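Everything quoted here is computed from the prediction, not taken from an experiment.
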Amino acid sequence: AWWVAPLFAERAWAVDFGGRWDIRFFRQLPPMATWPLLVALAVGLATAASTRVHKRLLAGWDGDGLWLYLHLELLCFSLLFFFVGGYLSDVFVNCRFWPFIVYSMLVVGALAFAYASRKAGLQALGAAVCLCACLSFAWRAGGREDDPAWSRENHVRHWSRYNFEGLEAIREGDVVRRIADQVRGTGGRLSQDMHPGHEALGSSRVFEVFPHFCGKPILEGGIVNSAMGSLAAYTVQCEISQHPAGWPLLVKPPPFNPASGMRHLEFMNVRQFVARGRRVQEAFEADDGWRRMGDYGSGKWKLYRSSLDSSSPVRVWKGALPVFESTDLQRDLLEWMYVPAAVEWPAVLVGEGTTAPPGLAVQSHAQYVAWLASLTNEPPAAGWLDDCSTPCDDVEMLPDGGIRFRTASPGLPHVIAASWYPSWKARGADAVYFLTPGYMAVYPTGHEVELRHEEGRIVLISRWISIAMAAVLALLATKSWVRRATAGN
């Protein structure tokens with residue numbers, strides 16, 4: 001109830017990620033893990049085939065029967081979704097089930113080996129042999145010419161060292177620290193192009209640790225982020241990167257177009273950008289809206305900052321925001337993103353379950369499509385954001401994730417560069433409206449506005465159900481324990 005009920009109730013506000021990987025199961029399976037898979041399948045078939053075999057096997061597990069069944073169940077479901085999950089839904093990505101397959105078959109294999117060792121009276125020897133087999137899985141080095149898919153890069157030893165050695169052990173690792181020192185304490189968000197050259201810093205995703213590393217918020221374009229705003233973030237990543245990462249299923253990846261990408265970055269409150277690709281660096285050098293802050297790693301990484309003075313996430317729009325009916329909020333916000341000139345005209349979209357600003361006429365979805373078609377494919381020039389809006393600089397980011405700001409322009413549309421969600425509630429404004437590209441707009445009724453997350457009714461009910469059931473289970477367990485203790489006395 002805690003997880004599943006909200007998942008289904010708020011399904012419309014989540015973003016699907018998916019896409020099957022080209023994985024050849026038995027070629028990718030580690031050679032030393034083949035025997036646990038065979039043992040696991042044999043045990044599973046034996047316990048399922050005959051009640052007599054089932055009872056006899058279970059009686060000999062010496063208390064390990066529960067662990068056996070749990071891991072057999074995990075293995076069966078993992079294999080099922082690995083092979084056929086993609087036909088049920090694109091969100092069942094086969095590679096995500098790989099760790100569960102390897103883990104469960106190793107555990108079932110170990111339990112079966114322990115059972116056989118106990119039956120043979122060779123517990124100590126059996127444990128030593130099983131431990132050696134597990135160590136071989138982690139220690140094996142080098143690849144096989146007949147099986148190049150199982151190469152050094154897939155081994156536990158290699159990846160353990162890679163993940164735990166830290167930036168200090170990486171030749172270019174100091175680049176990350178120096179960039180962090182440059183952006184620490186600055187306003188706005190940080191973003192970067194996706195480029196394989198970032199692997200020299202330990203990972204192409206290394207800049208995603210900056211919120212923890214130096215307190216710098218980022219544009220989450222590379223993170224598996226299920227908020228509505230991720231659709232826009234991934235679209236910008238395609239515009240601004242020569243080697244974009246995977247994107248949500250709905251996104252139609254636009255071509256490399258840094259001129260449009262820079263305008264979208266500015267709208268999304270990105271004020272610093274790390275460029276690794278040569279063409280990306282050339283685009284930022286030529287744009288009047290960005291200035292270079294520094295070079296790192298012999299010039300391979302370049303840090304740029306926006307020439308915009310304000311980094312406030314709240315801006316007062318000078319013109320009226322158009323309001324349209326939406327048949328599909330996710331698809332419609334993407335259509336807005338695909339038109340570079342639309343960035344000057346964020347639109348309020350009124351979909352199912354959302355309301356329109358009072359006193360504003362709602363245009364039809366057909367008018368929305370026609371309006372987008374009437375706009376040009378040329379992005380605005382540098383400085384466009386200050387021409388369209390004025391920053392609201394008296395903004396406080398609250399510890400619980402809320403936003404509080406003071407404004408001198410009540411009644412005018414205020415655009416907030418943060419992902420919209422139904423749980424956002426406003427004090428000092430009538431409502432929080434869905435704005436392209438998945439952001440928020442409010443029309444203040446006074447000079448102070450506060451926005452906070454308030455859990456919906458379904459979430460609260462599901463949590464109370466979970467707590468109640470946990471209490472019932474605890475009570476039943478206590479009664480059972482008391483009954484056994486009394487019977488023993």
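- In summary, the side chains of Ser104 and His71 do not present any donor paired with an acceptor at a separation below 3.5 Å, with no hydrogens or angles considered.
- No close placement of the His414 and Trp317 rings is indicated, their centers lying 6.0 Å or farther apart.
- Between Ser326 and Asp332, the side chains place a donor N or O and an acceptor N or O closer than 3.5 Å (distance only, hydrogens not considered).
- In terms of heavy-atom proximity, Phe273 sits nearest to Ile240 at CZ-CG1, 3.7 Å.
- With respect to Phe324, the ring-ring contact (aromatic ring centres under 6.0 Å, His included) criterion is satisfied by exactly one of Phe434, Tyr433, Trp371, Trp345: Trp371.
- Using a 4.0 Å cut-off between a side-chain N of Lys or Arg and a carboxylate O of Asp or Glu, Lys302 and Asp295 qualify as a salt bridge.
- Note on ring orientation: taking the six-membered ring where Trp is involved, the planes of Trp13 and Trp420 are perpendicular (angle over 60°, cut-offs 30° and 60°).
- Relative orientation of the His198 and Phe207 rings is perpendicular, given thresholds of 30° and 60° on the angle between their planes.
- In this structure, the separation between CG on Leu412 and CG on Leu321 is 9.5 Å, given to the nearest 0.5 Å.
- Trp290 and Glu266 share a side-chain donor-acceptor pair at under 3.5 Å.
- Of the residues Arg406, Lys425, Arg404, the one that meets the salt bridge (Lys or Arg N to Asp or Glu O under 4.0 Å) test with Glu450 is Arg404.
- Using modelled atom types and a 3.5 Å distance limit, the side chains of Thr390 and Lys318 yield no donor-acceptor pair.
- Side-chain contact, Glu325 with Ser364: no donor N or O sits under 3.5 Å from an acceptor N or O.
- Residues Phe97 and Phe81 place their aromatic rings such that the two centres sit under 6.0 Å apart.
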